[in-house]
Amino acid sequence: MASAAEDDYICPVCSEIFKVPVLLTCSHSICKECLQQFWKIKGTQECPLCRRRSSRDDPPVNLTLKNLCESFLKERNEKRSSGSEEICSLHSEKLKLFCLEDKQPVCLVCINSQKRLREHDNHKFRPISEVVSLYKEELNTALKSLQQKLQHNEKQKGEFEKTAQHINAQAEHTERQIKEEFEKLHQFLRDEEEATITALREEEEQKKQRMKEKLEEMNTHISALSHTIRDMEEMMKDNDLSFLKVTNQSGFILLFLRVQISQPDPRMSSGALIHVSRYLGNLPFRVWKKMLETVQHTPLTLDPNTADPRLTLSADLTSVWFSDDDKTLPDNPERIDEYPCVLGSEGFNSGTHCWDVEVGDNIDWILGITTASNQRKGLDFFKSNVWYVQYINSKYGSKSPEQPGTVFTVKQKLQCVRVQLDYDRETVSFSDPETNTHLLTFRTSFTETVFPFLCNVSTTSPLKILPVKLFIKAENHS
């Protein structure tokens with residue numbers, strides 16, 4: 001309860017410290033605001049305590065009590081600011097209880113006074129120490145969760161940092177491979193350029209040699225004609241007797257002249273010029289066509305970001321090896337982490353697609369297709385949404401959502417398996433391309449994108465996507 005001195009400062013109506021106390025003729029002091037509300041409700045000017053009628057419509061302010069209350073409030077505020085024990089702002093009592101509904105501490109006077117009791121009507125109260133204990137227990141539980149979350153985030157941060165380093169290594173390695181591949185292309189073009197120019201120079205030398213021979217023949221012809229003309233001109237200058245002597249030989253001379261005149265002049269032979277169109281005609285196309293004979297195209301490449309850490313891919317992403325040693329790779333969402341599998345880099349949601357996989361002497365393999373949404377983490381990858389054939393424990397088998405766990409036989413051991421997907425007709429078939437033997441066909445209902453996948457458990461042989469032959473078809477456009 002409040003002290004005796006404090007009781008003197010509390011209004012008997014509102015049970016709070018007087019704000020503007022007024023003095024009635026009966027000597028009772030009431031808050032001015034409380035008194036006005038009471039008179040308004042009752043309709044009579046009587047004391048709320050003794051019911052004695054007041055002779056004044058506007059009772060005077062009890063200045064002495066007002067000053068005492070202000071001093072008391074000032075002293076209490078000073079105690080609060082000095083860090084003393086928490087006390088009620090209304091009654092200066094220790095805050096010992098806690099209202100569970102309002103989530104605030106109260107003193108004993110608060111829950112005993114009529115006005116405060118109405119404010120906390122039907123509320124539940126507990127000792128502050130008990131509530132603090134419960135809150136601390138909740139906070140400790142939350143704190144442990146936050147600490148665990150912090151540890152998890154720090155671990156994730158480490159994974160992110162490793163991923164960032166892996167990205168840098170990936171970019172550097174990929175850039176080196178890009179440069180190597182383009183250098184091969186550049187070298188091919190340089191070799192083609194050099195070979196083409198060499199052929200041009202050889203033709204130039206041949207044509208120049210022919211023209212040199214023609215020039216020599218022409219020079220000989222011109223020299224003979226010039227010599228005959230000079231002799232004739234000299235003969236024409238001789239005197240009559242000399243000329244007559246020569247004319248005795250005129251028959252021979254005329255015959256000689258007719259022979260020389262009848263001889264054909266040296267002519268330019270056809271094909272004397274450089275065959276320019278042989279070098280420039282469709283030059284880019286001819287080089288590109290020749291390039292097709294040296295480069296390979298595979299209808300499917302593998303995605304290293306999906307590969308189990310125990311797998312190794314070839315530089316051209318067409319072969320996959322198995323190793324017992326795990327590589328340090330980011331555990332990104334796309335990666336398969338329990339089975340030694342890798343997905344194709346491209347998914348299919350329409351059309352027909354075909355690819356050949358060389359299995360060779362591999363003794364433990366699985367290959368087929370799976371859906372984009374299939375679970376890649378944990379042990380659920382092969383439980384659903386897969387269509388495949390396998391060779392395990394020297395037996396061939398297959399599986400699909402519609403036909404789980406079937407076994408089939410072949411006449412001779414498979415060295416290569418062809419996968420044919422017809423998405424629109426909802427079929428996936430497997431065959432032996434070397435013997436043109438059909439193995440089996442799954443009929444299903446595709447509802448999402450599907451990806452090819454390879455699973456290699458053998459350490460002896462890789463699985464390899466084989467290249468296909470390319471054909472050029474030219475079309476005329478009218």
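Since we're looking at a predicted model, the values are computed, not measured. Basis for what follows: all heavy atoms, side chains included, without hydrogens, waters or symmetry-related copies.
- Note that CZ of Phe453 and CG of Leu302 are 12.5 Å apart. Values are rounded to the nearest 0.5 Å.
- Remark: the backbone N or O of Thr427 is not paired with any side-chain donor or acceptor of Arg443 at under 3.5 angstrom.
- Counting only distance, with no hydrogens or angles, the side chain of Asn140 and the backbone of Lys136 share a donor-acceptor pair below 3.5 Å.
- Of the N and O atoms on the side chains of Ser373 and Glu448, at least one donor lies less than 3.5 Å from an acceptor on the other residue.
- A donor atom on one side chain and an acceptor atom on the other are not found under 3.5 Å apart for Thr318 and Thr298.
- Aromatic ring pairs are classed by plane angle as parallel below 30°, tilted from 30° to 60° and perpendicular above 60°; the pair Phe348 and His353 is parallel.
- Ser350 approaches Asp424 most closely through the heavy-atom pair CA-OD1, 3.7 Å.
- Formation of a donor-acceptor pair under 3.5 Å by the Lys399 side chain with backbone atoms of Tyr388 is not found in this model.
- With salt bridges taken as basic N to acidic carboxylate O contacts below 4.0 Å, one links Glu192 and Lys290.
- Checked for salt-bridge contact, Glu159 and Lys155 miss the test: no charged N lies under 4.0 Å from a carboxylate O.
- Side-chain atoms of His173 and Gln177 form a donor-acceptor pair, as typed in the model, at a separation below 3.5 Å.
- To the nearest 0.5 Å, the span separating OG on Ser398 from CZ on Phe408 amounts to 6.0 Å.
- Side chain to side chain, Glu402 and Thr444 meet the donor-acceptor criterion of an N or O pair below 3.5 Å.
- Nearest heavy atom pair, residue Pro105 against residue Phe98, reads N-CD1, 3.7 Å.
- Taking 4.0 Å as the cut-off between side-chain N and carboxylate O, Arg310 and Glu338 do not count as a salt-bridged pair.
- Side-chain N/O atoms of Asp191 and Gln187 include a donor and acceptor closer than 3.5 Å.
- In this structure, Glu203 pairs ionically with Arg278, as a charged nitrogen and a carboxylate oxygen lie closer than 4.0 Å.
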Before giving the answer on side chain to side chain contact (heavy atoms under 4.5 Å, CB included), spell out for Gln390 and Tyr396 the whole-Å C-alpha distance, their side-chain angles and the decisive distance to 0.1 Å.
CA-CA 6 Å; Gln390 66 180 21; Tyr396 292 99; over 6 Å; no
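- Between the side chains of Gln415 and Asp432, no donor N or O sits under 3.5 Å from an acceptor N or O.
- With hydrogens and angles ignored, the 3.5 Å screen pairs a side-chain donor or acceptor of Thr306 with a backbone N or O of Asp303.
- Of all the heavy atoms in Val457 and Phe322, the pair that sits closest is O-CD2, 3.6 Å.
- For Lys66 and Glu70, the salt-bridge test passes: some basic side-chain N is under 4.0 Å from an acidic carboxylate O.
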